[in-house]
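Along the sequence shown, residues carry numbers from 1.
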Amino acid sequence: MTRRLPKPRRRPAAGPASPGALRRSAWLAGLTVLAALLAPAAAAQEAQVVAPAVAAPAPPAVPELPRIDGPLNLRSAWRAALAHDPGLQAARAGAQAGREGVVVARSQWLPQVTLSASRQRNDLRTRSAASSTQPGGVTEQAYTSSTQQLTLRQAIWQPAQDAAVAVAAAQAAEAESGELQARQDLALRVAEAYFEYLLAEQQIALVEAQTAAHARQLEAARRALEAGSGTRTDIDEAQARLDLDGADALLAHQQLERARLMLEQQVGQPVESAARLDAARFDATPPEPGALDDWLRLAAHFSAELQALQARRDAAAHEVERARARHQPTLDLVLQHSRNSPESSTRQDSRSLNRSIGLQFNLPIYAGGGHDAALRQAQAELQRQEALLAAARLDLQLRVQQTHRSVQEGLQRVRALQQALRSAEQMVRSVGRSYQAGVRSTVDVLDAEQRLVEARRNLLQTRLTTLLSTLRLRALGGVVADAEIERLDAFFAPSVGSATSGLNPADAGRPGAGS
């Protein structure tokens, strides 16, 4: 049976336009500017037509989310982290910088218009020798001269600039993939901090329930001793367990505070309580697609990490092209409009106006060996990026295999721990009846209750670990999105009292409480 791979949400990468298209756009813009120079009255209107073609639209601002009221859930934690996390904000800014880099590179194919002006005060002193027809002497002149020049340069043949546009587009694609990778890493960090907080709350509830059970057992042992059917050893054993519960409670509260600080750091807001994992809502089926080969194909095509490295490799390849293009000639169209006043020192009342249009050809001949060294450097960098990409592919395959196995084994362990929990509950009931019949001791009852508490804690921890492994697997496959957070959030219910997977602290030490 063939499985249909899910369609992940991907942001389209800003690919480079073809050199022919860039040159056609540049020529059209050049003719527009040329018409504006020849018709000054229409220059303002033409400039308004050209400007939007160069400017890039500003990205939408991220709205500030309102403060979280009431118990925190996974969805609200994720939304708060999206607006708060500095790493994601840096990745967003990097992606925007990459998009602007493409605009900068493409702008070099558009007309480059410069205006220069100068004004000087000239003091000219001329000494002439006497001749047969003219006496010698010193002549002094003082005058002011000015120059204005408007130059339009339009690239016609610039092979290096074609490669520069391709490099900028590849760097923009890398930045886009980096933003996606930062988003996925943030989802993992938020989920991990959220699950750690739930587990710490569960531990406190279990310690409190265990303390209550040990207190009841201590009271029962004292009554039995007073009735003549118990022993001092039962009282000492129950008291020792009760004293140990105090140390466990202190450790559990310390772990809860650490988990709370980690979660508050992710969401940027105080956390008072969180929605607990609902055992009835927990889905113990493998994530789709279930086959390992399908996940390997997803990772190979949609992994944000591989996409970033592939874009970096493409940028290195285009850098090689740009280094080779530095040896090729370039051709520009140059249009100049200049005005000089006065034209010379002997004709101070003269004015000159010069208009010229022509082609400028440049051929690099020798640059001290720098161009050849730059080419070798670019080729070495390309080899390095190809090696890094190959190593990343192998590492990604290994991580996908390990994470996929962790998910499968986690689901199997959940089913096994559910059976172990039922057995522990039955053991508590059986040992309790045997204790009342005088067959078992207080130590046996305490040990059975301890195993029941451990079974409940291990089951919750395994469920949360499996959910986190599922999120990691989807992140490796490049299919983590808001819908995945929504799917996981459906497994949690608002907290009442404490988060103990449907377990009341007062019932945590009793058989039959929760599964």
* Between Q96 and R99, is a side-chain hydrogen bond (donor to acceptor under 3.5 Å, both in side chains) present by the stated rule, with each step listed? -> CA-CA 5 Å; Q96 177 61 21; R99 290 187 289 268; 2.9 Å; yes

* Asked: Please walk me through it: do W295 and Q401 pass side chain to side chain contact (heavy atoms under 4.5 Å, CB included)?
  -> CA-CA 9 Å; W295 284 107; Q401 292 173 355; over 6 Å; no

* Take R216 and E219 through the test salt bridge (charged side-chain N to carboxylate O under 4.0 Å, His left out) and record every step on the way to the result. => CA-CA 5 Å; R216 292 194 300 268; E219 184 62 25; over 6 Å; no

* **Criterion side chain to side chain contact (heavy atoms under 4.5 Å, CB included) on Q266 and L186, from CA distance to verdict** => CA-CA 8 Å; Q266 295 298 329; L186 178 61; 3.8 Å; yes

* From CA spacing to verdict: side chain to side chain contact (heavy atoms under 4.5 Å, CB included), L421, N458 -> CA-CA 9 Å; L421 179 58; N458 293 337; over 6 Å; no

* Report the C-alpha distance between V445 and V428 in whole Å, list the side-chain angles of each, state the deciding distance to 0.1 Å, and finish with yes or no for side chain to side chain contact (heavy atoms under 4.5 Å, CB included). => CA-CA 7 Å; V445 176; V428 170; over 6 Å; no

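With respect to D85, the side chain to side chain donor-acceptor pair (under 3.5 Å) criterion is satisfied by exactly one of Q265, R183, R189: R189. Evaluated for a side chain to side chain donor-acceptor pair (under 3.5 Å) with R313, the options H318, Q385, E386 yield exactly one hit, E386.
Here the closest non-hydrogen pair linking V320 and L375 is O-CD1, 3.8 Å. Nearest heavy-atom pair across R440 and Y435 is O-CD1, 3.3 Å. Between R326 and A374, the closest heavy-atom pair is NH1-CB, 3.9 Å. Closest approach of A172 to V102, counting heavy atoms only: CB-CG2, 3.7 Å. In plain terms, the two heavy atoms of A175 and A95 that are nearest each other are CB-CA, 3.7 Å. Nearest heavy-atom pair across V190 and A81 is CG2-CB, 3.5 Å.
Two residues are said to be in side-chain contact when any heavy atoms from C-beta on lie closer than 4.5 Å; T211 and V207 meet this criterion. Contact annotation: the side chain of R384 never approaches that of R312 to less than 4.5 Å [non-hydrogen atoms, C-beta and beyond]. Q461 is not listed as a side-chain neighbour of Q203, based on a closest heavy-atom distance of 4.5 Å or more. Between L464 and L277, some side-chain heavy-atom pair lies under the 4.5 Å cut-off. At a threshold of 4.5 Å between non-hydrogen side-chain atoms, the residues V267 and H84 do not count as touching. E319 has its side chain out of reach of L382: every pair of non-hydrogen atoms, C-beta onward, lies at least 4.5 Å apart. Using a 4.5 Å heavy-atom threshold, the side chains of Q210 and E449 count as separate.
Side-chain N or O atoms of Q161 include one that pairs as donor or acceptor with a backbone N or O of A105 at under 3.5 Å. Judged purely by atom type and a 3.5 angstrom limit, Q89 uses its side chain to pair as donor or acceptor with the backbone of A83. Proximity of a side-chain donor or acceptor of Y194 to a complementary backbone N or O of A275 within less than 3.5 Å is detected. Between the side chain of D278 and the main chain of A493, no donor-acceptor pair closer than 3.5 Å is present. In terms of modelled atom types and a separation under 3.5 Å, the side chain of S76 and the main chain of L72 share no donor-acceptor contact. Looking at Q171, its side chain never comes within 3.5 Å of a backbone N or O of G98 through a donor-acceptor pair. Side-chain atoms of H301 come within 3.5 Å of backbone atoms of R297 as a donor-acceptor pair (strictly under, hydrogens ignored). A donor-acceptor pair under 3.5 Å links the side-chain atoms of E264 to the main chain of V271, judged by distance alone.
How far OG1 of T462 is from CG of L411: 10.5 Å, rounded to the nearest 0.5 Å. Separation of atoms CG (L188) and CG (L471) is listed at 5.0 Å; rounding is to 0.5 Å. For the atom pair CZ of R399 and CG of L394, the computed distance is 11.5 Å after rounding to the nearest 0.5 Å. Here CZ of R456 is found 12.5 Å from CD of E454. Values are rounded to the nearest 0.5 Å. Of the inter-residue distances, the one linking R413 atom CZ with Q418 atom CD reads 12.5 Å to the nearest 0.5 angstrom. In this structure, CG on L488 lies 6.0 Å from CG on L467, to the nearest 0.5 angstrom.
Taking 4.0 Å as the cut-off between side-chain N and carboxylate O, E226 and R222 do not count as a salt-bridged pair. Here R241 pairs with D447 in a salt bridge; the nearest charged N to carboxylate O distance falls below 4.0 Å. Looking at R260 and E257, a side-chain N of the basic residue comes within less than 4.0 Å of a carboxylate O on the acidic one, giving a salt bridge.
Side chains of R405 and Q408: a donor-acceptor N/O pair is absent below 3.5 angstrom, by distance only. Between D236 and T233, the side chains place no donor N or O within less than 3.5 Å of an acceptor N or O (distance only, hydrogens not considered). No hydrogens or angles considered: nothing links the side chains of R258 and Q255 as a donor-acceptor pair under 3.5 Å. Under 3.5 Å, the side chains of E381 and Q377 contain no donor-acceptor pair of N or O atoms. In this structure, a donor-acceptor pair under 3.5 Å is absent between the side chains of D162 and Q158.
Using cut-offs of 30° and 60° on the angle between ring planes, the pair F492 and F195 is parallel.
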